[in-house]
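Shown next, in structure tokens, is the structure this report addresses.
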2 protein chains.
Amino acid sequence: MAAIGKLAGVSQVTVSRALSHPEKVSPDTLKRIREAIEVTGFVPNALAGALSSRRTQLITALIPTMTNIVYASLLHSFSDIMRSYGYQIMLSETGFDPDMEEQLVATLLSRRPDGILLWGLQHTASTRRMLLNADIPVVEVWDLTETPIDCSVGFSQFDAGQAVARFAHERGYRRAATVNTSDVRTLTRRDGFISRFTELSGMPVLSIDTPAGAPTLGQGRAALRELIDRRGFSDGVIFCGSDQFAHGLLIEAQTRGLRIPEDIAVVGFGDQDFAADTEPALTTVRVDRADLGDRAARALLERIEGTSDTPEAVIDVGFTLIPRGSA
Amino acid sequence: MAAIGKLAGVSQVTVSRALSHPEKVSPDTLKRIREAIEVTGFVPNALAGALSSRRTQLITALIPTMTNIVYASLLHSFSDIMRSYGYQIMLSETGFDPDMEEQLVATLLSRRPDGILLWGLQHTASTRRMLLNADIPVVEVWDLTETPIDCSVGFSQFDAGQAVARFAHERGYRRAATVNTSDVRTLTRRDGFISRFTELSGMPVLSIDTPAGAPTLGQGRAALRELIDRRGFSDGVIFCGSDQFAHGLLIEAQTRGLRIPEDIAVVGFGDQDFAADTEPALTTVRVDRADLGDRAARALLERIEGTSDTPEAVIDVGFTLIPRGSA
DNA sequence: GTGAAAGCGCTAACAA
DNA sequence: TTGTTAGCGCTTTCAC
């Protein structure tokens with residue numbers, strides 16, 4: 001910057017001003033400074049700027065994994081908004097592990113992010129303490145809680161499960177099963193479904209759990225084989241924790257010559273891009289992930305930039321049941 | 001740090017040493033320093049450290065989009081390796097747009113990353129110039145080139161297309177079509193297929209292009225309708241730029257009562273997690289994305305840490321044709 | 001509108 | 001093994 005200043009015949013400070021507050025510099029000097037920058041190919045050092053101003057324009061995002069479209073698409077819209085406000089994203093994956101999350105928070109806090117995005121509500125005590133001490137805006141997404149670390153944007157997993165149970169019962173299904181990854185978040189949803197369905201129909205609900213991680217079509221197919229061949233499930237509705245599972249069930253059912261939804265009905269979760277194009281089209285629950293990412297970004301921005309004196313702490317984005325052909 | 005030093009009865013520098021080079025500090029002082037850190041909850045400021053040492057431990061990754069598993073899974077393994085060496089990832093999406101990439105490089109360079117990951121070979125002149133000036137290790141992944149900015153890890157798209165053409169011809173298919181997103185990378189692959197297939201069979205190849213972006217199952221279904229209903233394609237093999245498309249073709253074909261592979265044969269690309277579980281299972285081209293991310297990370301690390309005096313500039317990870325039931 | 005001075009919180013080089 | 005000194009390249013404050 002000093003070099004640029006010399007070229008433009010001004011001091012280093014004026015160059016700094018030209019970059020951060022161009023309106024405070026006369027048009028003439030501004031022009032000379034810009035020319036000098038152009039000529040030299042000067043790239044300012046954001047590190048030094050951040051150290052001095054105590055604002056890094058950096059956001060830390062911790063998601064379970066980026067190889068699942070659910071997490072990726074939320075982050076996608078979140079990043080878009082953040083970037084448009086001049087913030088960059090530092091991304092790390094927790095692999096569904098709160099201890100890993102704790103370790104990452106400890107490391108990443110040393111980079112002094114202006115804000116943090118966390119997935120879900122399951123954090124270690126130490127994570128909470130560090131975050132509180134750091135006094136940084138935090139947004140927890142996906143699940144909803146009345147007692148967030150700072151603020152929470154999402155929907156009630158339990159309610160979503162209940163809504164599917166109500167829908168299934170209204171459609172006349174009397175027997176039910178669920179297929180889920182064994183991740184706390186999807187299990188809460190499953191429990192909502194089971195409790196409500198049992199209450200309505202008086203029948204027990206069969207459950208299949210797969211390991212936490214990315215749900216696959218193959219696991220969905222295997223789950224249906226398991227349900228039919230070994231668990232004695234012969235007809236009714238199956239509520240899946242993910243559209244991938246549901247699609248797998250559809251394929252396995254067709255391969256076995258089962259009719260959908262007459263013999264087996266299937267409900268997915270997520271309304272992913274393929275859900276409307278399966279055969280038959282998949283009945284599922286839509287969560288507007290783009291909207292969720294968007295709202296999370298804005299909630300964080302409000303806190304960082306202090307644009308609102310009464311920022312909302314809990315934002316419910318809801319969900320929508322989308323009836324199609326599979327149930 | 002000075003405060004920690006005071007608590008432990010040493011100078012600020014010794015605290016710094018205890019954190020970065022604990023072996024250079026006596027066990028006794030080390031213990032006192034660690035206690036002081038524990039008590040106060042002190043979190044070092046990596047910004048100041050980076051400014052002073054000129055090493056940020058930060059890697060910039062620019063990928064087209066994270067909502068596509070192909071990009072996400074490569075980045076996943078890349079990040080894993082990088083993180084295990086103490087580097088953090090700053091992620092941004094270019095949306096397949098070289099101008100966007102240029103803008104991002106300009107911004108992100110100001111954070112002084114220790115290395116950069118770029119997707120593909122299509123960069124603006126200005127991007128190249130900035131990167132060269134910055135004198136930072138750069139790795140270009142996916143496509144291969146003999147003249148990388150710095151180094152390149154990937155496979156030949158053209159060769160992959162040719163390999164599929166050879167395979168299809170050997171299997172006895174005499175007519176062919178392709179379905180692709182109109183992105184430079186997949187088009188090179190398509191061109192390899194077309195040139196080779198035409199050469200072998202003497203027949204022209206029909207092509208369908210969809211907009212650049214995430215390929216969907218629905219687009220695959222639509223493509224088959226287009227080919228059959230409007231382009232007069234009645235039998236032969238269809239080479240898809242993505243497994244999503246291929247899966248869509250499978251579903252559409254079955255809905256129409258077409259036999260696979262007798263009436264229509266389908267070859268996908270990517271060997272995604274569902275490819276082995278479609279009905280019939282999908283013949284596709286496997287690219288080991290985890291290995292690719294891994295090799296890219298190691299190539300970058302070699303350059304950053306100067307561990308090898310003769311780092312390879314071009315690393316071909318190849319591809320494998322996986323014959324299954326669909327072709 | 002512009003500049004001088006001080007300092008952000010660390011690391012590097014050297015000295016003790 | 002430990003401490004002193006001198007920056008890293010900016011922003012902030014205050015004066016002109």
Side-chain angles (χ1 to χ4, degrees), chain A residues 1-34 36-37 40-58 86 88 107-114 133-136 305, chain B residues 1-34 36-37 40-58 86 88 107-114 133-136 305:
Chain A
M1 264 190 184
I4 300 294
K6 197 154 284 175
L7 265 180
V10 291
S11 77
Q12 172 267 126
V13 197
T14 305
V15 178
S16 169
R17 251 191 226 106
L19 258 23
S20 338
H21 307 281
E23 73 284 0
K24 293 189 174 175
V25 172
S26 80
D28 195 49
T29 35
L30 192 56
K31 184 159 160 281
R32 292 203 315 278
I33 290 173
R34 292 210 165 130
I37 289 176
T40 53
F42 167 75
V43 179
N45 186 325
L47 247 46
L51 181 61
S52 179
S53 68
R54 292 136 182 292
R55 309 200 67 237
T56 53
Q57 303 283 112
L58 224 79
Q88 238 67 52
T107 315
L108 293 168
L109 239 27
S110 73
R111 301 208 185 251
R112 301 290 188 269
D114 288 341
N133 279 340
D135 194 33
I136 290 176
E305 311 199 330
Chain B
M1 261 189 187
I4 300 294
K6 199 155 285 176
L7 265 179
V10 291
S11 78
Q12 171 265 126
V13 196
T14 305
V15 179
S16 168
R17 253 191 224 104
L19 257 24
S20 341
H21 308 282
E23 75 283 359
K24 292 188 173 173
V25 172
S26 80
D28 195 49
T29 34
L30 194 56
K31 182 159 158 286
R32 291 204 315 280
I33 289 173
R34 290 209 166 130
I37 289 177
T40 54
F42 168 74
V43 179
N45 186 325
L47 247 47
L51 182 61
S52 179
S53 68
R54 289 135 182 294
R55 308 200 67 241
T56 52
Q57 304 283 110
L58 220 70
Q88 238 67 52
T107 315
L108 293 168
L109 239 26
S110 72
R111 300 206 186 253
R112 300 291 187 268
D114 288 341
N133 279 341
D135 196 31
I136 290 177
E305 312 198 329

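Proteins get letters first, then strands, A, B, ... in listed order; numbering begins at 1 in each. Quick note: numbers below take in every heavy atom, side chains included, and nothing from hydrogens, waters or symmetry partners.
- For the residue pair R112(A) and T56(A), the shortest heavy atom distance occurs at O-OG1, 2.7 Å.
- Of all heavy-atom pairs spanning P44(B) and S110(A), the tightest one is O-CB, 3.1 Å.
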Could you go through residues 3-12 of chain B and list every donor-acceptor pair under 3.5 Å that involves a side-chain atom there, pairing it with any protein atom two or more places apart or in another chain?
unit_1	atom_1	unit_2	atom_2	d
S11(B)	OG	V13(B)	N	3.4
S11(B)	OG	T14(B)	OG1	3.4

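- T14(B) has a side-chain polar atom (N or O) that falls below the 4.0 Å cut-off from OP1 or OP2 of dG3(D).
- Atom P of nucleotide dC8(D) and atom CE of M1(A) are separated by 15 Å, given to the nearest angstrom.
- Shortest non-hydrogen contact noted between L19(A) and P22(A) is O-CD, 4.1 Å.
- Remark: K24(B) engages no residue in a salt bridge (charged side-chain N to carboxylate O under 4.0 Å, His left out) (not counting sequence neighbours).
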Kindly give the atom pairs (protein nitrogen or oxygen, nucleotide nitrogen or oxygen) under 3.5 Å for nucleotides 4-7 of chain C.
unit_1	atom_1	unit_2	atom_2	d
dG7(C)	N2	S52(A)	OG	3.1

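- Residues R111(B) and G86(A) approach most closely at NH2-O, 4.5 Å, considering heavy atoms.
- Between the side chain of D114(A) and the backbone N or O of R55(A), no donor-acceptor pair lies under 3.5 Å.
- Atom CZ of R55(A) and atom P of dT11(D) are 13 Å apart (whole Å).
- Across residues 20-33 of chain B, S20(B) each have a non-hydrogen atom less than 4.0 Å from an atom of DNA chain C (numbered order).
- Nearest approach of T107(A) to Q88(B), heavy atoms of both residues: CG2-OE1, 4.0 Å.
- Within the 4.0 Å cut-off from OP1 or OP2 of dG9(D), at least one side-chain nitrogen or oxygen of R54(B) is found.
- To the nearest 0.5 angstrom, L30(B) atom CG is 10.0 Å from E23(B) atom CD.
- When the C1' atom of dG7(D) is taken as reference, atom CG of L51(B) falls 9 Å away, rounded to whole Å.
- Here the side chains of I136(A) and P113(A) are in contact, with some heavy-atom distance below 4.5 Å.
- Taking a 4.0 Å limit (strictly below) on heavy-atom distances, residues 41-49 of chain A does not reach DNA chain C anywhere.
- Rounded to 10 degrees, the angle separating the terminal axes of the helix from dG1(C)-dC16(D) to dA16(C)-dT1(D) is 20°, with each axis obtained from five end pairs.
- No donor-acceptor pair under 3.5 Å is formed between the side chain of S52(A) and the backbone N or O of A48(A).
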